[in-house]
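Below: the structure, in structure tokens.
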Amino acid sequence: MEIANTSSPGVFVLLGFSSRPSLEPILFFLVLGFYVVSVLGNGMIILVSCVEVHLHTPMYFFLANLSFLDISFTTSVVPQLLVNLWRPQKTISYGACVVQFYISHWLGATECVLLAVMSCDRYAAICRPLHYTVIMHPRLCLSLAFVSWLGGLTTSTVGSTLTMLLPLCGNNRIDHFLCEMPLIMQLACVDTSFNEVEMYMASFIFVVLPLGLILVSYGHIAHAVLKIRSAEGRRKAFNTCSSHVAVVALFYGSIIFMYLQPAKSNSHEQGKFIALFYTVVTPMLNPLIYTLRNKDMKKGLRHLVLEKCCGFAGTWGHI
């Protein structure tokens with residue numbers, strides 16, 4: 001028991017933005033606002049996708065999965081972040097830190113695979129329209145969603161468990177606002193080469209390969225769209241994919257920008273704000289992108305709010 005206590009601290013100190021105390025109250029209210037909008041927006045997408053029969057299609061099934069994932073991911077990080085922004089003590093218990101990096105790793109890997117699956121769905125819709133319903137049948141959609149979640153859970157279980165077994169020798173100060181595997185590995189007082197190899201392999205499988213599949217899918221989609229002769233047909237095909245492309249660009253763009261930063265003293269501080277962007281802002285923007293640029297979603301949302309919630313349809317029908 002004494003060995004366990006010396007190797008694993010009871011609490012971690014998340015330094016976060018403590019070097020800028022005047023910024024913390026502003027960040028608190030911004031993060032709180034973004035979180036509320038994110039939960040409401042993504043929750044509305046899930047509700048509309050489930051209630052509206054005309055949205056019972058593969059595209060909206062995967063979109064509902066993405067929205068549930070975004071709610072879960074932000075909820076695994078934001079409440080603790082808000083607590084630490086508000087109070088002078090920037091601590092998190094060892095158990096809560098472990099749970100946080102298990103869940104964030106799981107959901108991050110799942111989102112990479114899910115975005116790749118959604119790009120394949122768009123490929124089938126545009127490049128194989130006559131066979132779309134045969135290809136993307138409900139059983140296949142359920143299987144693809146299950147594989148996405150299970151794959152993320154598997155890599156999180158392996159990587160996070162290996163990280164959790166590292167002896168930390170009492171080191172407990174994390175210069176970030178959340179618990180992540182690379183940050184915990186930096187605290188270890190033993191060689192972490194094996195953990196780093198595992199992390200790079202998992203990153204290749206769950207980040208690079210899905211991105212490659214997305215690029216290949218949209219390469220074929222772009223080629224197919226250019227073959228469409230009518231401007232109206234090209235516009236419809238573009239609108240079908242534009243929302244997903246925007247979400248992919250936000251998600252991967254922030255990750256790539258964060259990891260390609262030069263190793264300078266101020267780059268780590270910039271990395272915190274980029275991590276804050278993809279942790280808090282991106283999940284909030286996703287429902288806005290899909291609702292503002294999607295006629296079916298706007299129609300379903302209007303129908304749900306006006307007719308089912310407010311009863312306007314029946315009222316107008318009697319006038």
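Position 1 is the first residue of the sequence; numbering continues from there. Basis for what follows: all heavy atoms, side chains included, without hydrogens, waters or symmetry-related copies.
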Note to self: What's the separation between atom CE in Met118 and atom CZ in Arg122, rounded to the nearest 0.5 Å?
What the structure shows: 8.0 Å
Notebook entry, point to check: Side-chain contact, heavy-atom cut-off 4.5 Å: Val113 with Glu111?
Noted result: no
Margin query: If I take atom CG from residue Asp121 and atom CD1 from residue Ile126, how far apart are they, to the nearest 0.5 angstrom?
Written below: 9.5 Å
Next item on the list: Looking only at non-hydrogen atoms, find the nearest pair between Trp86 and Phe29 and report the distance.
Entry: CZ3-CZ, 4.3 Å
Check: Would you say the side-chain atoms of Asp70 pair up with the backbone N or O of Asn42, donor to acceptor, closer than 3.5 Å?
Finding: no
Check: Counting only heavy atoms not in Met185, do more than 12 fall under 6.0 Å of its CE?
Finding: yes
Item checked: Neighbour count >12 (heavy atoms, 6.0 Å) for atom NE2, His54 -> yes
Margin query: Applying side chain to side chain contact (heavy atoms under 4.5 Å, CB included) to Phe62 and Cys141, what does each step give before you reach the verdict?
Written below: CA-CA 8 Å; Phe62 293 127; Cys141 294; 3.9 Å; yes
Notebook entry, point to check: Of all heavy-atom pairs between Gly152 and Phe206, which one has the smallest distance, and what is that distance?
Noted result: N-CE2, 4.1 Å
Item checked: Student check: side-chain heavy atoms of Lys90 and Glu24 closer than 4.5 Å -> yes
Checklist line | Arg234 CZ: over 12 foreign heavy atoms closer than 6.0 Å | finding: yes
Checklist line | Gap between atom CG of Leu115 and atom OG of Ser148 - 0.5 Å precision | finding: 9.5 Å
Note to self: Between Ser104 and Gln100, is there a side-chain donor-acceptor contact under 3.5 Å, judged purely by atom types and distance?
What the structure shows: no
Next item on the list: Output the distance between atom CZ (Phe61) and atom CE (Met136), rounded to the nearest 0.5 Å.
Entry: 9.5 Å
Margin query: Is there a side chain to side chain contact (heavy atoms under 4.5 Å, CB included) between Tyr35 and Thr75? Walk through the geometry before answering.
Written below: CA-CA 8 Å; Tyr35 177 62; Thr75 301; 3.0 Å; yes
Note to self: If you compare all heavy atoms of Thr155 against all heavy atoms of His105, which two are closest, and at what distance to 0.1 Å?
What the structure shows: O-CE1, 3.5 Å
Check: Donor-acceptor pair, Arg20 side chain versus Ser22 backbone, under 3.5 Å?
Finding: no
Item checked: From OG (Ser18) to CG (Asp175), nearest 0.5 Å -> 7.5 Å
Notebook entry, point to check: Checking side chain to side chain contact (heavy atoms under 4.5 Å, CB included) for the pair Leu178/Glu180: CA distance, chi angles, key distance, verdict?
Noted result: CA-CA 6 Å; Leu178 77 165; Glu180 280 189 330; 3.9 Å; yes
Checklist line | Side chain to side chain, Ile174 and Ile184, heavy atoms closer than 4.5 Å | finding: yes
Margin query: For Thr91 versus Gln80, what's the shortest heavy-atom pair and its separation?
Written below: O-NE2, 3.1 Å
Check: Are Val31 and Leu82 side-chain neighbours, meaning at least one heavy-atom pair lies under 4.5 Å?
Finding: yes
Margin query: Please say yes or no: joined through hydrophobic side-chain contacts below 4.5 Å, possibly via intermediate residues, are Met181 and Leu165 part of one cluster?
Written below: no
Margin query: Are there over 12 heavy-atom neighbours, none belonging to Phe68, within less than 6.0 Å of that residue's CZ?
Written below: no
Check: Does Trp106 use its side chain to pair, donor to acceptor, with the backbone of Trp149 at less than 3.5 Å?
Finding: yes
Next item on the list: Could you tell me how the ring of Phe12 sits relative to the ring of Tyr94: parallel (under 30°), tilted (30 to 60°) or perpendicular (over 60°)?
Entry: parallel
Margin query: A side-chain contact here means heavy atoms from C-beta on lying under 4.5 Å apart; do Leu81 and Leu276 qualify?
Written below: yes
Item checked: Nearest heavy atoms of Ile45 and Ser67, plus distance in Å -> CG2-OG, 3.3 Å
Checklist line | Phe194 reachable from Val158 in the ILVMFWY side-chain graph, under 4.5 Å edges | finding: yes
Note to self: Are Leu63 and Val51 connected into the same hydrophobic cluster when the rule is that any two of I, L, V, M, F, W, Y join if their side-chain heavy atoms are below 4.5 Å apart?
What the structure shows: yes
Margin query: To check you understand the geometry: which heavy-atom pair defines the closest contact between Ala188 and Thr192, and what is its length?
Written below: CB-CG2, 3.7 Å
Checklist line | More than 12 heavy atoms of other groups within 6.0 Å of Arg139 CZ | finding: no
Next item on the list: Using distance alone, with no hydrogens and no angle criterion, decide if Ser76 and Tyr102 have a side-chain donor and acceptor under 3.5 Å apart.
Entry: no
Notebook entry, point to check: Do Val13 and Leu27 share a hydrophobic cluster (ILVMFWY, side-chain heavy atoms under 4.5 Å, transitive)?
Noted result: no
Next item on the list: Examine His244 together with Tyr290 and report whether their ring centres are nearer than 6.0 Å.
Entry: no
Margin query: Using a 3.5 Å distance criterion without hydrogens, assess whether the side chain of His131 forms a donor-acceptor pair with backbone atoms of Val134.
Written below: no
Note to self: With clusters defined by side-chain heavy atoms of hydrophobic residues (ILVMFWY) lying less than 4.5 Å apart, directly or transitively, does Leu213 cluster with Tyr123?
What the structure shows: no
Next item on the list: Measure the spacing between CD1 of Ile71 and CG of Asn286 and express it to the nearest 0.5 Å.
Entry: 11.0 Å
Checklist line | Heavy-atom side-chain contact between Thr74 and Val280 under 4.5 Å | finding: no
Next item on the list: May I ask you to decide if the ring planes of Phe17 and Phe177 are parallel, tilted or perpendicular, using 30° and 60° as cut-offs?
Entry: parallel
Item checked: His176 vs Leu15 side-chain heavy atoms within contact, under 4.5 Å -> no
Next item on the list: Give the C-alpha distance, both sets of side-chain angles, the deciding distance and a yes or no for side chain to side chain contact (heavy atoms under 4.5 Å, CB included) between Leu40 and Val36.
Entry: CA-CA 6 Å; Leu40 291 177; Val36 171; 3.9 Å; yes
Next item on the list: May I ask you to check whether Phe251 and Tyr278 place their ring centers less than 6.0 Å from one another?
Entry: no
Notebook entry, point to check: With side chains defined as the heavy atoms from C-beta onward, is the minimum distance between Thr157 and Leu153 less than 4.5 Å?
Noted result: yes
